[in-house]
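Taking it in order: structure first as structure tokens, then the write-up.
Since the structure is predicted, the reported quantities are computational estimates derived from the model, not experimental observations. Positions are given from 1, in the same order as the sequence printed here.
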Amino acid sequence: MQRSLRLMAIRANSPSLLRASVCMAPRMVSAPATRYFSVSPMKFNAKKDEAPNAKEESTESPEKDASSELSEVEQLKAKLAEKDQEVTLLKDRYLRSVADFRNLQETTKREIQKARDFALQKFARDLLESLDNFGHALSAVKDETLAANKEVSQLYDGVEMTKNIFEKTLVRHGINKIDPVDERFDPNRHEATFEVPQPDKEPGTVFHVQQPGYELNGRVLRAAKVGVVKGTE
């Protein structure tokens with residue numbers, strides 16, 4: 001006992017001896033830790049079952065992709081057909097609009113031309129009475145009076161010249177005289193005031209003009225009053 005106490009005291013006083021005794025002490029060797037693994041049969045079976053599903057998905061995905069591509073193509077074709085119909089409809093509307101516009105242009109031109117051609121219609125119709133008065137004044141003078149009186153003859157010539165100038169002025173503005181002697185009777189241009197049988201003339205022919213008619217650019221301002229040959233019964 002005393003010996004052990006001495007040794008401890010020596011060791012306490014000598015740190016080097018303490019470290020040597022610690023190093024020379026036998027070390028405790030710990031046993032390696034053993035790990036246990038549990039294999040679940042359900043998980044194993046699940047992994048086995050997942051493999052075929054993966055294969056099926058891999059085989060089905062190209063088919064789905066192909067079907068989706070086909071559906072997209074069909075949709076695009078339908079949209080293209082719809083756009084073609086819209087283009088056809090718009091083209092038809094455009095052509096109709098162009099045709100209507102051209103018709104409107106032609107109609108407007110005709111209306112403008114008619115307005116220009118017949119703007120003097122009312123004024124020209126009023127002038128016809130003055131022109132008739134020239135004719136009445138000239139027809140009232142007899143040939144004997146013209147031969148006997150020089151002044152009356154000069155007046156007659158002046159009135160006749162004025163009448164001729166007046167008629168030429170009307171012709172320049174599209175007003176033409178209707179004098180249908182020896183022409184077929186036309187109810188659109190002539191007004192029959194009487195009928196007389198004429199053996200040497202064809203029935204329905206104008207043989208006398210009681211009052212001349214006038215037309216403005218082809219439109220009748222006043223029908224000519226005429227005598228017509230009567231047909232034999």
- Message: Checking Val171 against Ile175 for the side chain to side chain contact (heavy atoms under 4.5 Å, CB included) test, could you report, in this order, the C-alpha distance in whole Å, the side-chain angles of both residues, the deciding distance, and whether it holds?
- Response: CA-CA 5 Å; Val171 170; Ile175 303 173; over 6 Å; no
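- In this structure, Ser97 contributes its side chain and Arg93 its backbone to a donor-acceptor pair below 3.5 Å.
- One finds the CG atom of Leu146 at 9.0 Å from the CD atom of Glu144 (value rounded to the nearest 0.5 Å).
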- Task: Give the intermediate values and the outcome of side chain to side chain contact (heavy atoms under 4.5 Å, CB included) for residues Val229 and Glu195.
- Result: CA-CA 6 Å; Val229 176; Glu195 288 184 337; over 6 Å; no
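- In this structure, Glu86 places its CD atom where more than 12 heavy-atom neighbours from other residues, nucleotides or ligands lie under 6.0 Å away.
- Residues Pro180 and Ala224 come closest through the heavy atom pair CD-CB, 4.2 Å.
- Looking at heavy atoms from C-beta onward, Val141 lies in side-chain contact with Val152 at the 4.5 angstrom threshold.
- Linking Ile, Leu, Val, Met, Phe, Trp and Tyr residues whenever their side-chain heavy atoms come within less than 4.5 Å leaves Val87 and Leu90 in two separate clusters.
- Val73 and Leu80 fall into different hydrophobic clusters, where Ile, Leu, Val, Met, Phe, Trp and Tyr are joined by side-chain heavy atoms under 4.5 Å apart, directly or via other members.
- Under the 4.5 Å side-chain heavy-atom criterion for grouping Ile, Leu, Val, Met, Phe, Trp and Tyr, Val220 is not connected to Leu128 through any hydrophobic cluster.
- Side-chain atoms of Thr88 come within 3.5 Å of backbone atoms of Asp84 as a donor-acceptor pair (strictly under, hydrogens ignored).
- Contacts classified as side-chain hydrogen bond (donor to acceptor under 3.5 Å, both in side chains) and involving residues 212-228 (residues at least two apart or in different chains) are given here: Gln121-Arg219, Asp132-Arg222.
- Between Phe134 and Phe166, the two ring planes are perpendicular [angle over 60°; tilted spans 30° to 60°].
- Rounding to the nearest 0.5 Å gives a distance of 10.5 Å between CG of Asn176 and CD of Glu167.
- Asp157 places none of its side-chain heavy atoms less than 4.5 Å from the side chain of Met161.
- Counting only distance, with no hydrogens or angles, the side chain of Asn164 and the backbone of Glu160 share a donor-acceptor pair below 3.5 Å.
- No side-chain heavy atom of Phe207 sits less than 4.5 Å from a side-chain heavy atom of Val228.
- With a 4.5 Å cut-off on side-chain heavy atoms, Glu191 and Gln211 do not count as touching.
- Enclosure of atom CD in Glu151 is not indicated, since only 12 or fewer non-hydrogen atoms of other residues, nucleotides or ligands lie within 6.0 angstrom.
- Between Arg102 and Glu106 there is no salt bridge, since none of the side-chain N atoms of the basic residue sits less than 4.0 Å from a carboxylate O of the acidic one.
- Summarising the geometry, atom NZ belonging to Lys150 is positioned 9.0 Å from atom OG belonging to Ser153; distances are rounded to the nearest 0.5 Å.
- Atoms CG and OG1, on Leu155 and Thr145 in that order, are 12.0 Å from each other to the nearest 0.5 Å.
- Using a 4.5 Å cut-off on side-chain heavy atoms (C-beta onward), Glu202 and Arg184 make contact.
- Screening Val226, Asp186, Asp182 for a side chain to side chain contact (heavy atoms under 4.5 Å, CB included) involving Val206 leaves a single residue, Val226.
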- Item | side chain to side chain contact (heavy atoms under 4.5 Å, CB included) between Leu221 and Arg125, worked out | CA-CA 6 Å; Leu221 290 175; Arg125 189 180 287 112; 4.0 Å; yes
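- Considering only heavy atoms from C-beta on, Arg110 comes within 4.5 Å of Thr107 through its side chain.
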- Tell me, with the steps shown, if Asp100 and Arg96 meet salt bridge (Lys or Arg N to Asp or Glu O under 4.0 Å). CA-CA 6 Å; Asp100 292 339; Arg96 289 178 182 273; over 6 Å; no
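- A heavy-atom distance below 4.5 Å is found between the side chains of Ile165 and Thr169.
- No side-chain donor-acceptor contact under 3.5 Å links Thr205 to the backbone of Lys201.
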- Apply the test side chain to side chain contact (heavy atoms under 4.5 Å, CB included) to residues His190 and Ile178: give CA-CA distance (whole Å), side-chain angles for both, the deciding distance (0.1 Å), then the verdict. CA-CA 9 Å; His190 310 147; Ile178 300 175; 4.2 Å; yes
